[in-house]
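Please find one structure pasted underneath; my questions will follow.
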Amino acid sequence: MAVQSSSSSERTPKEEPKQKEFHIAPMLDVSTQEFCHFMRILTKRAILWTEMVVDDTILHTEHLDHHLPYHSKLSPIVCQIGGRNADSCGRACRVIVESYGGYDEINLNIDCPSSRVSGERKFGAILMHDASAACDVVSAMQRCAKDRRMPISVKCRIGIELDDGEVFDTLDHLIGFIGKLRERGCRKFVIHARKCVIGGLLSPAQNRIVPPLNYPRVYELCRYFPDCEFVLNAGIPGLASARMLCRGKDYESMMEERAGVENGDEDVDAYENVHVGVNANTPTEHDDCSGEWNNQVDSSSGGSNSVKHETHRPQHGVPCATCNASNGSCVEPPTVAPSNLAGVMIGRACREHPAMFWDVDRYFYGEASNPCRNRREALEEYCLFLESCFPRRCCDGDARKSARIPTPKVEMFTSGGCPICKEFYGDDDDDDYVGSTDISTEERNALFKEQAAKEKLTTAAIGRSLTPIRGLFFGVYGGKCFKTQCDKLAKDRRVRNCGPGYIVRKAMATIPAELLDVPFVKTEDLAEGDVPVHISPSGCHLKRCS
């Protein structure tokens, strides 16, 4: 049953609004340890997420540290898990809280549309069609995390279309689903504001852009469940839209008016009644979005003599003619954001245009400054991270491979660089070589040549290290040369064992210094074309074969 909204009289008149949250979405094969550390270099305030880790992986893998990238420097960070067996999900939560207790929250994935997840293993988005199983999993997770007071949240869609064509994509269905989870104690939900189409009609990538966005449905959830928090996810193009969505179109003017209230210029009660909570003008999916003239009845005269007034009020819904999106999406921000719209989540834009997120701390959270001013500062700090996590393997005789974090601890026969990487790491004298003070130049070169012929830093490790920075020069004229150099060096087997830190430093050294030193662009100064958009293009429609 829907929960009724709290009355304005219950609110504290001068209560400061809760700080909104900015989340960086969990992304398969993207939200790695390397990615999380690079994003933390750009922003100290954004909430990071791990990629989804399956319950069985947590319980049985030998390399759990690789899958759960927890480090105190990464906080705040959320650990996302997937599964449908209540017992195994509960035990997985226990492992997380006991061995990786620094996470700020554990999230259950009821969002993933892939055939392997929702089809074969029956978890992820398919759980929206099996509320009983979802509730059992949430209850088990809460019991196992209770002792450590670890919050449990759920990430889901607004609806689901099954492989047989049956569709559950209404507000009533979503309210029923969220209500059942709420009864089990879950009070925080991340809502991907699209329906999920499973069964192979759409790929996971298409499921992220083809179904229309429906932001008003998330606002409705905030109304129905005032004691729950909601985070809006999907299709948010950048920081400006993110702040507008979770604070509302009238945020700036509202702050000015509030300042006047606190100075005694207006009536406090009247101000609170108008501006606190959900504004009556916030668009909802019940509104007619056709944009036609609407007949409204004036019942003040009563009886059959009631007068009809014709009005023209642009309204919103899905499909939305007012927003005019290519696939019928409704992405209208609220006039004043619901107080329990806790924040927003952005994903793919972080991979495609990471430089945008240098401004999260200042623009979104109101900090005086950001951690980095330009790409050189960000890359220099990232190189230090890579060199600590993936030390060079060109100067050791150990045959083990460095494939994941943590890497094997090896003893190098020189603390300086090999003939390739010595330009950055120094050229040590002979007496610095471990176990040999009279090694000849010929012997030294033979050692370097022998190690260069071995692949000790794997292709996967190099790829994961470079993925977070491949889009760092998005929109910068001439910036593609950095990505080109990184790709070229990553394929060069002669330099692979020098490590990803060397590859990044070498790529930096081969591009013009002005590209590295040009200041990041403030959010308010970004051009429209500099912000990636994740809505399907015109002509891309859902068609199910009969």
- Query: Are the side chains of I405 and D65 in touch, meaning some heavy atoms are under 4.5 Å apart?
  - Reply: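 I405 does not reach D65 side chain to side chain.
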
- Query: Roughly how far, to the nearest 0.5 Å, is the CE atom of M345 from the SG atom of C246?
  - Reply: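 CE of M345 is found 13.0 Å from SG of C246.
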
- Query: Do you know which two heavy atoms are closest between C93 and I81, and how far apart they sit?
  - Reply: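 Nearest heavy atoms, C93 then I81: SG-CD1, 4.1 Å.
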
- Query: Could R247 and F364 be counted as a cation-pi pair, given that NZ or CZ must be under 6.0 Å from the ring centre and within 45° of the axis?
  - Reply: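 Because its charged atom sits under 6.0 Å from the ring centre and within 45° of the axis, R247 does stack over F364.
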
- Under 4.5 Å between any side-chain heavy atoms of F520 and D359, yes or no?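 The answer is no, as the side chains (C-beta and beyond) never meet within the 4.5 Å cut-off.
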
- Message: For the NE2 atom of H37 and the CG atom of L42, what is their distance to the nearest 0.5 Å?
- Response: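 Spacing of NE2 (H37) from CG (L42) equals 13.5 Å.
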
- Do you see a donor-acceptor pair shorter than 3.5 Å between the side chains of S75 and D104?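 Result is yes, a qualifying pair exists.
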
- Task: Please determine which of K522, E377, R373 meets the side chain to side chain contact (heavy atoms under 4.5 Å, CB included) test together with W358.
- Result: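 Output: one option passes, namely K522.
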
- Task: Using a 4.5 Å cut-off on heavy atoms from C-beta on, say whether the side chain of F474 contacts that of M356.
- Result: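 No, side chains not in contact.
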
- Task: Could you give me the CA-CA distance, side-chain angles and deciding distance for T32 and R464, then say whether side-chain hydrogen bond (donor to acceptor under 3.5 Å, both in side chains) is met?
- Result: CA-CA 7 Å; T32 61; R464 287 198 312 273; 5.4 Å; no

- Query: Quick one: are M508 and E380 in side-chain contact, heavy atoms under 4.5 Å?
  - Reply: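 Answer yes - side chains close enough.
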
- Query: Do I346 and F22 have side-chain heavy atoms sitting under 4.5 Å apart?
  - Reply: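 Touching, per the 4.5 Å side-chain cut-off.
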
- Item | Cationic N near anionic O, under 4.0 Å, D111 to K155 |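 Salt bridge present between D111 and K155.
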
- Message: Please report the interatomic distance NZ(K188) to CG(N340), rounded to the nearest 0.5 Å.
- Response: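 If we round to the nearest 0.5 Å, K188:NZ and N340:CG are 12.0 Å apart.
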
- Item | Lys/Arg N to Asp/Glu carboxylate O, D55 vs R91, below 4.0 Å |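 Result for this pair is no, no salt bridge flagged.
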
- Can R351 be said to sit on top of F35's aromatic six-ring, NZ or CZ under 6.0 Å from centre and within 45° of the ring axis?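 R351 over F35 ring: no.
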
- Task: Examine R392 relative to Y425 and say whether NZ or CZ is less than 6.0 Å from the centre of the six-membered ring and inside a 45° cone about the ring axis.
- Result: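 Yes, cation above the ring, under 6.0 Å and within 45°.
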
- Rounded to the nearest 0.5 Å, how far does NZ of K488 lie from OG1 of T484?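 So the OG1 of T484 and the NZ of K488 are separated by 9.5 Å.
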
- Message: Counting C-beta onward and ignoring hydrogens, is there a side-chain heavy-atom pair between E34 and F390 closer than 4.5 Å?
- Response: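 Of all side-chain heavy-atom pairs linking F390 with E34, at least one is under 4.5 Å.
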
- Item | Residue pair T458 / R404, side-chain donor-acceptor N/O under 3.5 Å |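 Absent: no donor and acceptor within the cut-off.
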
- Message: Check this for me: does any side-chain nitrogen of one of E524 and R362 sit under 4.0 Å from a carboxylate oxygen of the other?
- Response: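 Salt bridge: yes.
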
- Item | CD1-CD1 distance between I191 and I158, expressed to the nearest 0.5 angstrom |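 One gets 9.0 Å once the value is rounded to the nearest 0.5 Å.
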
- Hey, could you give me the OH/CD1 distance between Y382 and I469, rounded to the nearest 0.5 Å?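 Separation between the atoms: 6.0 Å.
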
- Please name the residue in the list L181, I110, L221 that meets the side chain to side chain contact (heavy atoms under 4.5 Å, CB included) test with F189.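 Considering L181, I110, L221, a side chain to side chain contact (heavy atoms under 4.5 Å, CB included) with F189 is found only for L181.
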
- Just checking, any donor-acceptor pair under 3.5 angstrom between side chains of D517 and N374?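 N374 and D517 do not have a side-chain donor-acceptor pair below 3.5 Å.
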
